[in-house]
Amino acid sequence: MNPIDVPAFTSPLEGYKVYEKFRGIDLLTDETQIDDSRSPWAVNLISDAGGYPEKRLGWRTIHTFSLQDGQTPRVNGVWPFTLEGVDQVIVHVGTWLVRLALGMEILLRSGLTDARSTGFYFNGELWILTGGEFLHYDGDLVYNVADEAYIPTTTISAQPNGGGTSYEAVNLMTPRRKNTFIPDGQATAFTVDTHAIDAGSTVKVWNNGQQMADGFTFEPTTGKVTFSTPPAAPAAAGTATLTIEFQKTTEGAADKIQKCTVFTTFGVNNSTRVFLSGNPDQPATEWYSGLGDATYWPDNQSITVGAQDFAIVAYAKYQGELLVLKEDNRQEITIWHHTAELSDTGTTVFPLREGLGGLGAIGKYTVQTLLDDPLFLTPRGVFAPVTSYAYPNVQRSLQGRSDRINPRLILEPGLSEAISTVWNGYYILAVGGHAYVADSNQDRDKNGYEWYYWDNIPARCLNTRDDVLYFGTDDGRLCRLNNDLVDEDGERLMAAYNDDGDPIQWEWRSKLDSLRYPTRYKTLHKRGNGVQLKAFTRSTCEIWLRTEKDFGQKVDTPEADVFSFQDIDFGRFTFSSLDVQQILFKKKLKKFLFIQIILKGQNANEGFGLYSAALHYTIGSYAKRKKR
C-alpha cells in the first residue's frame with residue numbers, strides 16, 4: 001500500500017489593529033507614515049479632558065449691530081468688562097464704540113477710525129487704540145486720553161524772567177504744561193519756558209495755592225504772563241509760590257501715540273508702565289508711559305529699535321524680559337530684548353540689546369502666552385523663544401510649535417491679519433474663516449503642540465474673559481462660544497453643537513494603514529471590526545472605509561445616544577445609560593494593500609467623541625507588479 005501524501009495545511013496569518021490614545025492632526029507627514037495616534041485630516045474636532053477627539057462646540061450670534069450710514073459695520077474690537085458685578089462687553093464696531101450690558105446697546109462714542117483696534121486693561125480700566133484715537137473707558141464713560149492727559153510741571157523755581165530747573169518732561173498727549181516761579185514782590189511779568197503760548201488758549205494761575213480768576217494777561221509771541229499787581233514774595237525765601245499753566249502745541253506730538261496699535265505693559269518686576277508702538281510714521285519706534293499713568297507720555301521716553309525700515313510687529317514677555325518682535329527680514333535682528341532696571345539716580349531705564357535674527361513676526365494680533373510659552377506667528381509658522389543652559393554659556397533660540405500644521409497654515413491668504421486668543425488651555429489662531437488650535441493640555445514634543453483644525457469660524461477679532469470666548473465678524477455680529485449651554489447639573493446641552501443654528505460638519509480619519517505589510521494583500525473580516533464612541537444625548541456618525549483603490553465607501557451610520565431626562569426624543573428613544581458605546585460594523589474587503597477608517601457627521605445638535613477603532617483582517621499573498 002502506497003503512503004498517502006498529506007498536504008501541509010497552514011492557517012492564514014491574522015491581524016488585529018487597534019487605534020487609540022489619540023492626539024491631534026499631522027499634515028506634515030504622509031498619511032501612510034504618520035503615528036497611529038494622529039490623524040492626517042480632521043476638521044471641527046477638539047480634545048476632551050482625556051485627550052480623545054470630540055466634536056467642537058458651536059457658536060451663536062448674541063448681538064447684531066445697527067447699520068451705520070446704511071452699511072453693515074465691521075466689528076473691529078471686543079473687550080469684556082465687569083463693573084460692580086455687572087458684565088459688560090465693549091465693542092468697537094465700524095466708527096462706534098458701544099457698550100452691551102443687561103441686554104441693552106448703548107452708544108459711547110462715534111466718529112472713530114474704522115479699523116481693527118487693540119485694547120488693554122491697566123489700573124482696572126480699559127484703554128483702546130484704534131490707530132487714530134487713544135481712548136480710556138472707566139466702566140461708565142469714555143474719554144479721549146488727550147482730554148484727560150497728565151499735565152506735567154516742566155520747570156520749577158524759575159525767576160520772573162525765566163530760568164529755573166527742568167523737572168518733568170513734556171507730555172506728548174497734551175500741549176498743556178506748568179511752570180512754577182519764585183516771585184520777588186516787584187516783577188509783574190513772568191516768562192514761561194517755551195517763550196511762547198498758543199494764541200487763543202487758556203492760561204491758569206495759582207498764587208499761594210489759590211487760583212486766580214483774573215488780574216493777568218499773556219502775550220502769545222513772547223510767552224510772558226503779566227499781572228496787574230506784582231505777586232507777593234514768598235514768606236520763606238526761595239519758595240516757588242506762583243504756578244502758571246499754559247498751552248504750547250507741538251504739531252503731530254499726540255499722533256505719535258494716537259497712531260499706535262501695538263501695546264504691552266512692563267516694569268521693574270511689575271507691569272507699571274505701558275509700551276506702545278505700531279505707528280506707521282515711525283514703525284520701529286516705541287514709547288513708554290509714566291509710572292502707573294497711561295495718560296502721561298514723556299517726550300523723552302522713546303526708543304528706536306533697529307532700523308526704521310522694519311516695523312515693530314508685536315511684544316512678548318519671556319523670563320522677565322520684554323521681547324520686541326520686528327517684522328520678518330533678512331537684514332537685521334528681528335527679536336530684541338528689554339530689561340527693566342533702576343539707574344544710579346533711581347530712575348527706571350529699559351536697556352535694549354540684540355537678540356535673534358532670521359525669523360520675524362508676521363501678525364500683530366497673534367502673540368499669546370500659552371501657559372508659560374510665548375507664542376507668535378512667523379511666515380514659517382508659530383514659534384516660541386527658548387533658552388538652554390550649558391555652563392557657562394546661555395543659548396537662545398526659536399523653536400517651532402506648529403510643525404504638524406504648517407503645510408496648510410503658512411499657505412493661508414492674509415496671514416498677517418491672523419488673530420488669536422487663549423481659551424481654556426488652547427491657543428486659538430484664526431485666519432480666513434478657519435482656526436488652528438494648539439492644545440497645552442497634552443504633552444508637547446519636538447514638533448510642537450498637538451493641533452486641531454476648525455472651519456466656519458468667521459472671526460475678525462477675538463477675546464476671552466474667564467471661560468467665555470467672544471468674536472466679532474465682518475458683517476456686524478458679536479458671537480460667543482456655546483460653552484454656557486448646560487443643564488442644571490452642568491451637563492452639555494445638544495443645542496451647544498451648532499454654528500448659529502447651522503450643522504457643524506466634522507470628520508476624522510485614521511492613517512492610511514498598510515497594517516505592517518505594505519506589499520501583501522489583506523482581507524478585512526466581517527467580524528471583529530468596530531469603533532468605541534463617546535455617548536451623547538444625541539450622537540450619529542457615518543463610518544467609511546477607504547482603500548488605495550477608491551475614495552471610500554460608507555459601511556454604517558450608527559447612533560451613540562444615551563438616555564437623558566433633559567432631552568427625550570421618542571423617535572430615537574434609548575434606555576442606554578453607558579457613557580461608552582461599542583459600535584460593530586460588518587464589511588468584508590478583499591485584496592487591499594492600505595486601509596483607512598473615516599468617521600464623519602453633519603447633523604446639528606449632536607455630539608461626537610472617539611475612544612478607539614479596531615480592524616480584524618487576514619494577511620494574504622504578495623502583491624504583483626502591474627504591467628505597464
Side-chain angles (χ1 to χ4, degrees), residues 58-122 124-145 258 260-263 278 294 364-366 368 417-423 428 430-431 433 435 457-484 499-500:
W59 52 266
R60 67 187 186 275
T61 298
I62 60 175
H63 191 82
T64 300
F65 292 96
S66 306
L67 297 178
Q68 296 180 20
D69 298 324
Q71 303 293 320
T72 299
R74 304 177 296 179
V75 178
N76 294 313
V78 176
W79 302 277
F81 195 91
T82 301
L83 179 67
E84 298 178 351
V86 177
D87 291 333
Q88 311 173 12
V89 183
I90 307 303
V91 185
H92 176 201
V93 52
T95 60
W96 295 355
L97 191 70
V98 172
R99 176 172 62 216
L100 299 178
L102 302 175
M104 296 185 295
E105 175 185 328
I106 299 174
L107 178 62
L108 298 173
R109 185 64 62 95
S110 61
L112 302 180
T113 301
D114 185 5
R116 186 177 285 160
S117 50
T118 55
F120 58 93
Y121 302 95
F122 189 68
E125 297 175 338
L126 175 63
W127 307 75
I128 299 171
L129 298 159
T130 68
E133 297 86 19
F134 186 19
L135 305 175
H136 170 210
Y137 176 66
D138 65 2
D140 183 30
L141 299 175
V142 173
Y143 306 89
N144 285 319
V145 172
Q258 292 177 149
C260 289
T261 54
V262 178
F263 71 87
K364 69 172 68 175
Y365 311 106
T366 66
Q368 302 289 339
E417 294 301 306
I419 55 177
S420 67
T421 192
V422 169
W423 175 79
I428 300 175
V431 57
I457 306 295
R460 173 173 166 80
C461 52
L462 282 167
N463 212 337
T464 58
R465 187 68 175 261
D466 299 325
D467 66 343
V468 183
L469 189 155
Y470 296 98
F471 67 85
T473 70
D474 276 315
D475 59 358
R477 291 178 294 151
L478 177 65
C479 308
R480 67 156 292 170
L481 205 66
N482 287 335
N483 61 311
D484 61 324
D499 286 343
D500 224 18

For this session: Applying side-chain contact (heavy atoms from CB on, under 4.5 Å), run through L108 and V98 and close with a yes or a no.
Result: CA-CA 5 Å; L108 298 173; V98 172; over 6 Å; no
Problem set entry | Residue pair E133 / T113, side-chain donor-acceptor N/O under 3.5 Å | yes
For this session: Starting from the C-alpha separation in whole Å, work towards a yes-or-no answer on side-chain contact (heavy atoms from CB on, under 4.5 Å) for W59 and I457.
Result: CA-CA 9 Å; W59 52 266; I457 306 295; 4.1 Å; yes
Exercise. Does D138 use its side chain to pair, donor to acceptor, with the backbone of D140 at less than 3.5 Å?
Worked result: yes
Exercise. Where the side chain of T464 meets the backbone of V422, is there a donor-acceptor pair that is under 3.5 Å apart?
Worked result: yes
Seminar exercise, completed: Looking only at heavy atoms, the pair that brings L107 and R109 closest together is CD1-O, 3.4 Å
Exercise. How far apart are the closest heavy atoms of V145 and H136, and which atoms are they?
Worked result: CG2-CB, 4.0 Å
Seminar exercise, completed: Minimal heavy-atom distance between S66 and W96, with the atoms involved, is CB-CZ3, 4.3 Å
Exercise. Out of curiosity, I128 CD1 to H92 NE2, how far, rounded to the nearest 0.5 Å?
Worked result: 8.5 Å
Exercise. How far apart are the C-alpha atoms of W423 and R465, what are their side-chain angles, what is the distance that settles it, and do they pass the side-chain contact (heavy atoms from CB on, under 4.5 Å) test?
Worked result: CA-CA 9 Å; W423 175 79; R465 187 68 175 261; over 6 Å; no
Exercise. For the atom pair OG1 (T118) and CZ (R116), what is the distance rounded to the nearest 0.5 Å?
Worked result: 11.0 Å
Problem set entry | Nearest heavy atoms of T261 and K364, plus distance in Å | OG1-NZ, 2.7 Å
For this session: Could you go through the side-chain contact (heavy atoms from CB on, under 4.5 Å) check for T72 and L67 one step at a time?
Result: CA-CA 5 Å; T72 299; L67 297 178; 3.6 Å; yes
Exercise. Are L469 and I428 side-chain neighbours, meaning at least one heavy-atom pair lies under 4.5 Å?
Worked result: yes
For this session: Check the side chains of S117 and N76 for a donor-acceptor pair under 3.5 angstrom, ignoring hydrogens and angles.
Result: no
Problem set entry | CG/D467: more than 12 non-hydrogen atoms of other groups inside 6.0 Å | yes
For this session: Using distance alone, with no hydrogens and no angle criterion, decide if R99 and Y137 have a side-chain donor and acceptor under 3.5 Å apart.
Result: yes
For this session: Would you mind reporting whether V86 and L102 have side-chain heavy atoms less than 4.5 Å apart?
Result: yes
Exercise. Between the side chains of T95 and Q68, is a donor N or O closer than 3.5 angstrom to an acceptor N or O?
Worked result: yes
Exercise. Roughly how far apart are F65 CZ and R74 CZ, rounded to 0.5 Å?
Worked result: 14.5 Å
For this session: Using a 4.5 Å cut-off on heavy atoms from C-beta on, say whether the side chain of L100 contacts that of Q88.
Result: no
Seminar exercise, completed: Smallest heavy-atom separation, G119 atom then F263 atom, equals O-CZ, 3.1 Å
Exercise. Taking the six-membered ring of Y470, is NZ or CZ of R460 closer than 6.0 Å to its centre and within 45° of its axis?
Worked result: no
For this session: Evaluate the ring planes of W127 and F120, with Trp represented by its six-membered ring, and classify them as parallel (under 30°), tilted (30 to 60°) or perpendicular (over 60°).
Result: parallel
Exercise. Which pair of non-hydrogen atoms, one from T473 and one from C479, has the smallest distance, and what is that distance?
Worked result: CG2-SG, 4.0 Å
Exercise. Measuring from L97:CG to I106:CD1, what's the distance to the nearest 0.5 Å?
Worked result: 12.0 Å
For this session: Kindly compute the distance separating OG1 (T366) from CG (L462), expressed to the nearest 0.5 Å.
Result: 12.0 Å
Exercise. For the atom pair CE (M104) and NE2 (H63), what is the distance rounded to the nearest 0.5 Å?
Worked result: 11.5 Å
Exercise. Can you name the salt bridge (charged side-chain N to carboxylate O under 4.0 Å, His left out) partners of R477, sequence neighbours left out?
Worked result: D475, D500
